[in-house]
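Here the structure is laid out as structure tokens; the discussion comes afterwards.
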There are 4 protein chains.
Amino acid sequence: MEKFRFLTSGESHGKCLTAIIEGLPAGVIIDTDFINSELKRRQQGYGRGDRMKIESDTVEITSGVRFGKSLGSPVCLVIKNKDFENWQKIMSVAPEDYTDEKSFSVFRPGHADYPGAVKYGQKDLRNILERSSARKTAIEVAVGAVAQLFLKQLGITGSSEVTQIGSACCPEKFHEEIDMNKEKGDTVGGKFIVIYKNVPVGLGSHVHWDRGIDGRLAQAIMSIPAVKVVEIGTNPLGLCGSEYHDEFDIIDDKVCRKTNHAGGIEGGMTNGEDVIISGVMKPIPTMLKPLDSVDINTKQKAQAHYERSDVCAVESCAVVAQARTACILANEILLKYGADNMEELTQRFS
Amino acid sequence: MEKFRFLTSGESHGKCLTAIIEGLPAGVIIDTDFINSELKRRQQGYGRGDRMKIESDTVEITSGVRFGKSLGSPVCLVIKNKDFENWQKIMSVAPEDYTDEKSFSVFRPGHADYPGAVKYGQKDLRNILERSSARKTAIEVAVGAVAQLFLKQLGITGSSEVTQIGSACCPEKFHEEIDMNKEKGDTVGGKFIVIYKNVPVGLGSHVHWDRGIDGRLAQAIMSIPAVKVVEIGTNPLGLCGSEYHDEFDIIDDKVCRKTNHAGGIEGGMTNGEDVIISGVMKPIPTMLKPLDSVDINTKQKAQAHYERSDVCAVESCAVVAQARTACILANEILLKYGADNMEELTQRFS
Amino acid sequence: MEKFRFLTSGESHGKCLTAIIEGLPAGVIIDTDFINSELKRRQQGYGRGDRMKIESDTVEITSGVRFGKSLGSPVCLVIKNKDFENWQKIMSVAPEDYTDEKSFSVFRPGHADYPGAVKYGQKDLRNILERSSARKTAIEVAVGAVAQLFLKQLGITGSSEVTQIGSACCPEKFHEEIDMNKEKGDTVGGKFIVIYKNVPVGLGSHVHWDRGIDGRLAQAIMSIPAVKVVEIGTNPLGLCGSEYHDEFDIIDDKVCRKTNHAGGIEGGMTNGEDVIISGVMKPIPTMLKPLDSVDINTKQKAQAHYERSDVCAVESCAVVAQARTACILANEILLKYGADNMEELTQRFS
Amino acid sequence: MEKFRFLTSGESHGKCLTAIIEGLPAGVIIDTDFINSELKRRQQGYGRGDRMKIESDTVEITSGVRFGKSLGSPVCLVIKNKDFENWQKIMSVAPEDYTDEKSFSVFRPGHADYPGAVKYGQKDLRNILERSSARKTAIEVAVGAVAQLFLKQLGITGSSEVTQIGSACCPEKFHEEIDMNKEKGDTVGGKFIVIYKNVPVGLGSHVHWDRGIDGRLAQAIMSIPAVKVVEIGTNPLGLCGSEYHDEFDIIDDKVCRKTNHAGGIEGGMTNGEDVIISGVMKPIPTMLKPLDSVDINTKQKAQAHYERSDVCAVESCAVVAQARTACILANEILLKYGADNMEELTQRFS
């Protein structure tokens, strides 16, 4: 039941990340600068390690767009991995007579290593890590940026921000919390919020469980690497019914609400208020402090491998969540309004 | 990408609720008593109103099962609404010359009434309420019970319980919290947990966002009426990496973990530990205390309509969540192991 | 990518056939008489056997419709099997201590018996036959009738007829051909055509293979039991390009065509001309003449079991094809125009 | 219900064609030479025009494969358009101040031009043609070649050939028929056949219409550009039941058939015999002989634009059909056998 469909591909140290979006209407103005600015936002954030400097991702569009507008045909997005030349042998597509010195065999707790190796029958854990890495979220941000361009043309705008780092709920303390964990060789997670404004009434549906937009948003956020909690609107724990529910009002002859605890969603549908969704990201599993683990080959106890140097990536995660939310909203708008081109859609929308 | 597909139908006061499950392998032992016992669990719970007494749901299976075993063909489940005879005119399928005295037109905050009426172009809010009602979760529990029978045959068992009511985290205080809100004419929500044991390693996948089992579980739980928060495993907020991640151990030559903060899911895949998922249910939106609202016809301010008398339904919600989780797990097992009949599946599974 | 989704269930001699349709907009006028008249059309036809007299199918709607109009919620359709009481023991859902005298074990060539028994691990071929029987097309005709009611409200109308029986291409010879085969104890197939008028331009798409409406129609027709050939428009074999392609004209300032060899579909999209699709049905595989076969238990040669007495069912097949085509068109209209209620849809459509 | 999912993108004169395949198990041996040889087969064939010489397509794999084997992660395939540098301005992705001299506005009968322009709201028909062009089948052949590599590893092999050109059914006459049409400035279609050997019993299902493998194959073949007829096995028109149905036999203790009119499919499932599917391709719509048409801008009568010089492409079409069939079979095998890696799958398969 997807109209805005996409597939992504790409290994963390492979040649490039690619996405194909199928279902974008014709006539969406494709502003490459905006896509690149979202890619940049994803790479920033206090607590990120060194690779971010290497990356400086930019997108190339290889199909589906002509003279700055989408054609209605599939849109292909490519982000090159800039340090690929150093990895060409290790990540060779061709069958090679090569001994991979970067091969590793000790499962890292909190990563896909263990279930991935069992599922896909791999002995070299790099064969799992390369795809399970959060690197793949770069291309998802690009896809989400295209969805955001579509939404913007309809007046719908998104934003996101970090609301908690570790136990610090106040922005001034965020860097401090990160620094403290860095010093300990540890990592830290946190909470973020995504808000979309001017979302029309009636996206999603109450008529069947799998059409609720709340569930779809929850899937989109929970499946971001390292997210373990999703909340829509205000966490209702501890509030009674008369405190939690958003009473109606009429202002200037328009129906509105006195509060928005529901985060813009009632009965699995958007209700015209801002759509608000939060997520909690766990601490990054790769840390300087060693964790107890097991070697897949020897089946003996071992210490988990250390690969990357981020201490905190909640800021990036918020950008990814904003992107994913855009994809869900775009899909729901296309399901509700149909439309193969933006002229038609704009008419129906107003 | 569903192999265990199902559709449900039925209005709250219509003739019956129906579900068709497509994709169940042949040879699943269908124990109707178990399905009915799950239906009963859903109807119980301190804080439920009077309708629960009328209901006493039982399932009828009208296809897909012969001599106590599934055939591989679609399974049809029916739950009759026992008070339908009193609603026959109000809920008539045929075009009728009938004035519905139970028609209502004031939006209830927290319900699907407002977005549903806008989306489906309805003036009589009963046309929304009848389907948005949580009554439909009864047939979902029956579907989930069939999924649980399938899982049990593979040794996978589920359970669920309430972990918080309002601000009470301790079971002895739950009834007190409910009574207090009942006296105030208010309602109260809470938190529940679902646990599945003996889940194999490698359900879901890290290779594409929409294949992560974490996202699929989050969708299944978040789309339950009134659920606003979903958590997998331990909420990581405030824990640093070295505290949160589940170190490996080897006991009796088997790989295991020292903790299970991840709730049995790493990299979007099950890792062999118990699958643990929690949800927070908002307070029921229909309460004795009036809420400010608007009348859809007059477009004037009005007080929201009062229909039902539950004060708290978190226990029921936990049962629904257990059912939904079973459906997701059953689907993932069928995707991973294929198999059209239980003999084949049992072989592959072991 | 389905908006008009449905699942069906039911065994040939089970209690009933059921369908749930999810995705029908609110406000579709549900004329039960029309559904029943389509069911009747399916049961008629020269060459059908005795069961047709027992059946006289009628539909009951148990949800999704109120006061004669769809609500937007799932619509449940039920057709009772009128001779079920004679089959209650043989088709018992409960585990029974019953020896099925109607059990059979010799594969019938041309039926699902052999691959079905292998796939689902069954020894009693009734466990395959009961679902593979064309009996299930009755409920599909009911689903298609609902789709036709939806289409009619938009001015789109369908029809179907038989164009060939055996080697007879001329209607006056059809009965003769059937009688001749009946006398021989043989069966005969034939060809049928389905036509839909007033279909809007632009259903389907050229942008991705699985969005072409030609492919979707072909799937819908080819998967009807016993259909082996599907044609869209005129079979182009032997026509050169200048003969086959439909030149444009302008009449009364409207773009039109001089011919419609393409059957209303170019580039995977409807082009505004009548949608025309034909199918060839193979002869019914159950016949009085014995066919060489094998017994699943003894693994010895045996003669195939004789169960039913139809000689020719091409007329019925045409009705099923008309129904299936309606489902595809309804789905494509909902994908293109969106719309949750008929008022909105009618506006967008005009 | 797809496990072998893929999306393709790319305009006929754009930078490149791309495909992402999601769902391929780990451990498939990726032989790039085989993919390139299939691409070459697609480009050959008597009757193809000049572009074929420019093209000489070769694939580049940019993800999902390491050291010659699939990783289980999405596989990205790219085919560069070798004459892109001549089209860079005309096909610019960036908004350009460029007057497209290759813009055209007269609908070509038989092409997607008219319905595409209406659907996507385009005035420059190049915006439709670029994607509706059969050029996109090159990347589909690459995807199908990957599916074929997967099938081969399980012992399943495919082939295809042309069986009729125009009215010539005998291979020695094919070139003659093509030459004759070329001289007239006309085009000619024909018929092709695809055969897959060693397909296991039980792919597809009889239990629900959309699971029948016959329907899925029909969709895959009918949605190839220019295909208008699909046949499975022998066309049954004119054969009576006793002639058509494939009687069983036992040879060397193995169940087999005396004939294979059913084309290896009974009851929507493969039955262990060769899978045989044919298609009829219409004559290519672009021809030297002018066809009557209409100009989208002037709304006046005009002559259709001439773009390409193929006279006959049935040989290429057969290669595409073989590729598409491989994708359907691969998907069905993954649905039936599950399996995330080839080791596991090979075990289950035997």
Side-chain angles (χ1 to χ4, degrees), chain B residues 5-11 14-22 25-27 29-32 60-69 71-78 90-98 100 116 118-122 124 126-128 130-132 136 340-344, chain C residues 5-11 14-22 25-27 29-32 60-69 71-78 90-98 100 116 118-122 124 126-128 130-132 136 340-344:
Chain B
R5 298 189 284 176
F6 63 94
L7 290 176
T8 72
S9 73
E11 273 62 52
K15 186 174 186 182
C16 58
L17 303 169
T18 308
I20 297 177
I21 304 171
E22 202 287 301
I29 297 161
I30 302 297
D31 172 359
T32 311
E60 186 190 13
I61 298 173
T62 64
S63 67
V65 177
R66 192 177 175 218
F67 300 158
K69 284 188 178 175
L71 292 168
S73 55
V75 174
C76 184
L77 307 172
V78 181
I90 297 170
M91 294 302 294
S92 171
V93 164
E96 296 262 348
D97 208 27
Y98 174 77
D100 177 9
V118 171
K119 182 180 181 81
Y120 291 101
Q122 302 297 321
D124 178 356
R126 176 161 301 286
N127 290 342
I128 301 306
E130 283 289 334
R131 182 64 185 166
S132 66
K136 67 175 168 288
D340 303 304
N341 61 77
M342 290 306 283
E343 203 179 333
E344 207 173 62
Chain C
R5 297 189 285 175
F6 64 95
L7 289 175
T8 72
S9 73
E11 274 62 51
K15 186 173 187 183
C16 58
L17 302 169
T18 309
I20 297 177
I21 305 171
E22 201 289 301
I29 298 161
I30 301 299
D31 172 0
T32 311
E60 186 192 10
I61 299 173
T62 64
S63 67
V65 178
R66 190 177 176 218
F67 300 159
K69 285 189 179 174
L71 291 169
S73 54
V75 173
C76 184
L77 307 172
V78 180
I90 297 170
M91 294 303 294
S92 171
V93 163
E96 295 263 348
D97 207 26
Y98 174 77
D100 177 8
V118 172
K119 184 180 180 80
Y120 292 102
Q122 301 296 321
D124 178 356
R126 175 161 303 285
N127 289 342
I128 303 305
E130 283 289 334
R131 181 63 186 166
S132 66
K136 68 175 168 286
D340 303 304
N341 61 77
M342 290 307 283
E343 203 179 334
E344 206 173 64

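Just so it is clear: chains get the letters A, B, ... in the order the sequence lines come, proteins before strands, and each one is counted from 1. For the numbers below, each heavy atom of this structure counts, side chains included, while hydrogens, waters and symmetry mates do not.
- Residue C/Lys136 holds its NZ atom at 12.5 Å from OG of B/Ser63, rounded to the nearest 0.5 Å.
- Between B/Arg131 and C/Pro74 there is a side-chain heavy-atom pair separated by less than 4.5 Å.
- No salt bridge links C/Arg66 with B/Glu130; every basic N to acidic carboxylate O contact stays at or beyond 4.0 Å.
- For a residue to count as touching a neighbouring chain, one of its non-hydrogen atoms must lie under 4.5 Å from one of that chain's; by this rule C/Ile90 touches chain B with backbone and side chain alike.
- The candidate from B/Val78, B/Val65, B/Ile20 with the greatest count of non-hydrogen atom pairs under 4.5 Å with chain C is B/Ile20.
- Within the 4.5 angstrom heavy-atom criterion, no atom of C/Ser132 approaches chain B.
- Counting heavy-atom pairs closer than 4.5 Å to chain C, the top-ranked of the candidates B/Ser92, B/Gly72, B/Pro25 is B/Ser92.
- To the nearest 0.5 Å, atoms OH (C/Tyr120) and CD (B/Glu343) are separated by 15.5 Å.
- Here B/Cys76 is the residue among B/Cys76, B/Gly116, B/Gly27 with the most heavy-atom pairs under 4.5 Å with chain C.
- In terms of heavy atoms, B/Gly64 sits closest to C/Glu11 at N-OE1, 2.8 Å.
- The most heavy-atom pairs under 4.5 Å with chain C, out of B/Lys119, B/Met342, B/Glu344, B/Gln122, come from B/Lys119.
- Proximity to chain B is absent for every atom of C/Asp31, based on heavy atoms less than 4.5 angstrom apart.
- From C/Ile61, atom CD1 reaches atom OG of B/Ser9 across 11.5 Å, with rounding to the nearest 0.5 Å.
- The distance from the OG1 atom of C/Thr62 to the CE atom of B/Met91 is 11.0 Å, given to the nearest 0.5 Å.
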